[in-house]
Amino acid sequence: MLKILALIRRSIKKSFDNIRNEQLKNNLLQAVPFWIGSVITGFMAVMYAKIFAWGENLLHFILNWHLWMIFIIAPVGFVLSWWLVKEFAPNAKGSGIPQVMAAVELANPKEHRTIRNLLSVKIIVFKILSSLVLVIGGGAVGREGPTIQIAGSVFRKVNEYLPAWWPKISKKNMIMTGAAAGLAAAFNTPLGGIVFAVEELSKTHINYFKTALFTAVIIAGLTAQTLAGSYLYLGYPKTNDVSLMVMFPIMLVAGTAGILASQLSVIMLKITAWKKKKLKTDRAHIVFLIISALLIASVAFFINREILGSGKEIMERVLFTSEKHEDWYVPVLRMLGPALSFTSGGAGGIFAPALTAGASIGSVISGFIHLSQNETNVVVLAGMVAFLTGITRAPFTSAIIVLEMTDRHSLIFHLMLAGMVSSIVSILVSRHSLYDLIKINFLTEIRNKEN
């Protein structure tokens, strides 16, 4: 085996040495780390998706066996998820996107060594473990945000292992490209990954790293498709024969979803601030987590199980079955679940829960105003874009992600309208996004430790 590897290495070196153009050599050397990181990211995104789906299926298997088991697995899941993060990787908590945003800001000559606190192999391991435990315990979290932190960690580690003679690569560009590749692989949305890097992460001119960004997204996406097959995150909802008048319900849903999403962000930040101020001991944290878990368990047992998990089954039901209209209280549950789960201190994202909350809002409002099934589908998709925009303040990213995950390119203007309306009205509640404010907290903590 070693002889074969040595032979391959010599062949590659000989071919590389035959290249006479030094600029081309340098460009190839700079590209290779991005390609390696992209392949690893695609592989890890698929494996993580399978592990996460197994966790959700295990939760439903247990609850179908005996629903009262939720009163046991929820407290255990919430406490164990929090403990794993607290003991082994404190910066693996939550979504992971604010950590990547903070790492991008720390990628400067003075602070770049602190990035290891936010992006590392340890973060990857405990991000996966903690989020898996939390979703088995009924936590309303997703895997997409964590996948972005995992991808950022992969790319940072690849960059770190480059030999000293290798052409230097910007840490900032490496992390941003990794995040884009992670999002593209998580949702199978290559354009969404690119737009996310530009809209949410980039403070530099895209010309400096556009080639690396495009190739990384393509390679990560192709790797994920090779392992998981060519798929859409959701599918092909029917949206044909919809009149221009649907723009009015879209604006209504977008405005409602934008305000509620922004308000949810404010509530989660207040819960986090209250915990930091009031819960000084581990015992106090555990009591809080048990109360939160039992509240979710009680809602699931006595009212509706749809408060649990990422909520993808809600999106699939309202888009692809005749059961288009959710009960009026489902959006409330789909905000309560993420509010308690996201602030638990364990790992887990809010991308999928945000999409679910937006879908349920669109479903409820379309039922109130008696829209047709195809019109309902359009309004549901608009609600998804609007709620995600209210959380992230990234309307173009939100619109492109929903566009790609459903392959409804004819709705580009409808979805962009929803994102724009949500972006405007969400500012009425809070000027800054949830991710921006959490990012500031991470930066403050890390800089205080270093000083």
Check: Are Ser398 and Thr389 linked by a side-chain donor-acceptor pair shorter than 3.5 Å?
Finding: yes
Item checked: Separation of Leu371 CG from Ser366 OG (nearest 0.5 Å) -> 5.5 Å
Checklist line | Inter- and intrachain pairs under side chain to side chain donor-acceptor pair (under 3.5 Å), touching residues 415-425, at least two apart | finding: none
Notebook entry, point to check: Can you tell if the side chain of Tyr236 reaches within under 4.5 Å of the side chain of Thr406, non-hydrogen atoms only?
Noted result: no
Notebook entry, point to check: Can you check side chain to side chain contact (heavy atoms under 4.5 Å, CB included) on Ile412 and Ile400, steps first, answer last?
Noted result: CA-CA 8 Å; Ile412 180 64; Ile400 294 298; 4.3 Å; yes
Checklist line | Any pair counted as side chain to side chain donor-acceptor pair (under 3.5 Å), so long as it reaches residues 118-132, sequence neighbours left out | finding: Tyr48-Ser131, Ser81-Ser130, Lys127-Gln149
Notebook entry, point to check: Does a side-chain heavy-atom distance below 4.5 Å link Pro249 with Glu375?
Noted result: no
Next item on the list: Give a yes or no on this: more than 12 heavy atoms of other residues, nucleotides or ligands lie within 6.0 Å of atom CZ of Phe442.
Entry: yes
Notebook entry, point to check: For residues 393-416, which residue pairs qualify under salt bridge (Lys or Arg N to Asp or Glu O under 4.0 Å), counting only residues two or more places apart or in two chains?
Noted result: none
Note to self: Ignoring hydrogens, what is the shortest heavy-atom contact between Ala185 and Ala45? Give both atom names and the distance.
What the structure shows: CB-CB, 3.5 Å
Next item on the list: Please list all pairs passing the ring-ring contact (aromatic ring centres under 6.0 Å, His included) test where one or both residues lie in residues 334-353, with sequence neighbours left out.
Entry: Phe187-Phe351
Check: Is there any side chain to side chain donor-acceptor pair (under 3.5 Å) pair reaching into residues 242-256, and which pairs are they, with sequence neighbours excluded?
Finding: none
Check: Shortest non-hydrogen contact from Ile123 to Ser153?
Finding: CG2-OG, 4.1 Å
Margin query: Restricting to non-hydrogen atoms, name the atom on Val158 and the atom on Gly37 that form the minimum distance, rounded to 0.1 Å.
Written below: CG2-CA, 4.1 Å
Checklist line | Residue pairs involving residues 96-109 (criterion salt bridge (Lys or Arg N to Asp or Glu O under 4.0 Å); sequence neighbours excluded) | finding: Glu105-Lys439
Margin query: Using the salt bridge (charged side-chain N to carboxylate O under 4.0 Å, His left out) criterion, which residues pair with Lys157? Sequence neighbours excluded.
Written below: Glu160
Note to self: Looking at every heavy atom in both Ser341 and Ile296, which two are closest together, and how far apart are they?
What the structure shows: OG-CD1, 3.9 Å
Check: Are the side chains of Val246 and Val379 in touch, meaning some heavy atoms are under 4.5 Å apart?
Finding: yes
Notebook entry, point to check: Can you name the closest pair of heavy atoms from Ile148 and Gly182 and give their distance?
Noted result: CG1-C, 4.4 Å
Notebook entry, point to check: Can any side-chain N or O of His325 pair as donor or acceptor with the backbone N or O of Ser363 at less than 3.5 Å?
Noted result: yes
Checklist line | Heavy-atom check, side chain of Met268 versus side chain of Ile350, under 4.5 Å | finding: yes
Item checked: For Thr356, side-chain contact (heavy atoms from CB on, under 4.5 Å) partners two or more places apart -> Ile314, Met315, Arg334
Margin query: Between Asn108 and Glu111, is there a side-chain donor-acceptor contact under 3.5 Å, judged purely by atom types and distance?
Written below: yes
Next item on the list: List in chain and number order the residues that pass salt bridge (charged side-chain N to carboxylate O under 4.0 Å, His left out) with Lys86, two or more places apart in sequence or in another chain; answer none if no residue qualifies.
Entry: Asp282
Check: With a 3.5 Å cut-off and no angle check, do the side chains of Glu56 and Ser310 form a donor-acceptor pair?
Finding: yes
Notebook entry, point to check: From Leu336 CG over to Ile267 CD1, what is the distance, rounded to the nearest 0.5 angstrom?
Noted result: 9.5 Å
Notebook entry, point to check: Can you find a pair of side-chain heavy atoms, one from Ile250 and one from Leu415, that are under 4.5 Å apart?
Noted result: no
Check: Is any side-chain heavy atom of Leu319 less than 4.5 Å from a side-chain heavy atom of Val380?
Finding: yes
Check: How about Val85 and Phe126: do any of their side-chain heavy atoms sit closer than 4.5 Å?
Finding: no
Notebook entry, point to check: Just by distance, with hydrogens left out, do Asn374 and Asn240 show a side-chain donor and acceptor under 3.5 Å apart?
Noted result: yes
Next item on the list: Indicate whether the side chain of Thr444 and that of Asn441 have a donor and an acceptor atom separated by less than 3.5 Å.
Entry: no
Notebook entry, point to check: Got a second to check how far Leu260's CG is from Ile391's CD1, nearest 0.5 Å?
Noted result: 10.0 Å
Checklist line | With sequence neighbours excluded, residues passing side-chain contact (heavy atoms from CB on, under 4.5 Å) with Ala254 | finding: Ala386, Ala418, Val421
Next item on the list: Would you name the heavy atoms of Ser430 and Ser262 that are closest together and state the gap between them?
Entry: N-OG, 3.6 Å
Item checked: Leu132 and Phe52, any side-chain heavy atoms less than 4.5 Å apart -> no
Next item on the list: In sequence, state the C-alpha distance, the side-chain angles, and the governing distance for Arg305 and Asn64, and then conclude on side-chain hydrogen bond (donor to acceptor under 3.5 Å, both in side chains).
Entry: CA-CA 11 Å; Arg305 276 172 54 175; Asn64 290 336; 3.0 Å; yes
Checklist line | CZ (Phe43) with more than 12 external heavy atoms under 6.0 Å | finding: no
Notebook entry, point to check: Got more than 12 heavy atoms from elsewhere within 6.0 Å of CE, Met416?
Noted result: no
Note to self: With rounding to the nearest 0.5 angstrom, report the CG to CD1 distance, Asn159 to Ile169.
What the structure shows: 5.5 Å
Item checked: Check: Leu191 main-chain N/O paired with Thr189 side-chain donor or acceptor under 3.5 Å -> no
Check: Of all residues at least two apart in sequence or in a different chain, which pass the side-chain contact (heavy atoms from CB on, under 4.5 Å) check with Trp83?
Finding: Leu80, Glu87, Phe88
Item checked: Qualifying residues under salt bridge (charged side-chain N to carboxylate O under 4.0 Å, His left out), relative to Glu306, sequence neighbours excluded -> Arg317
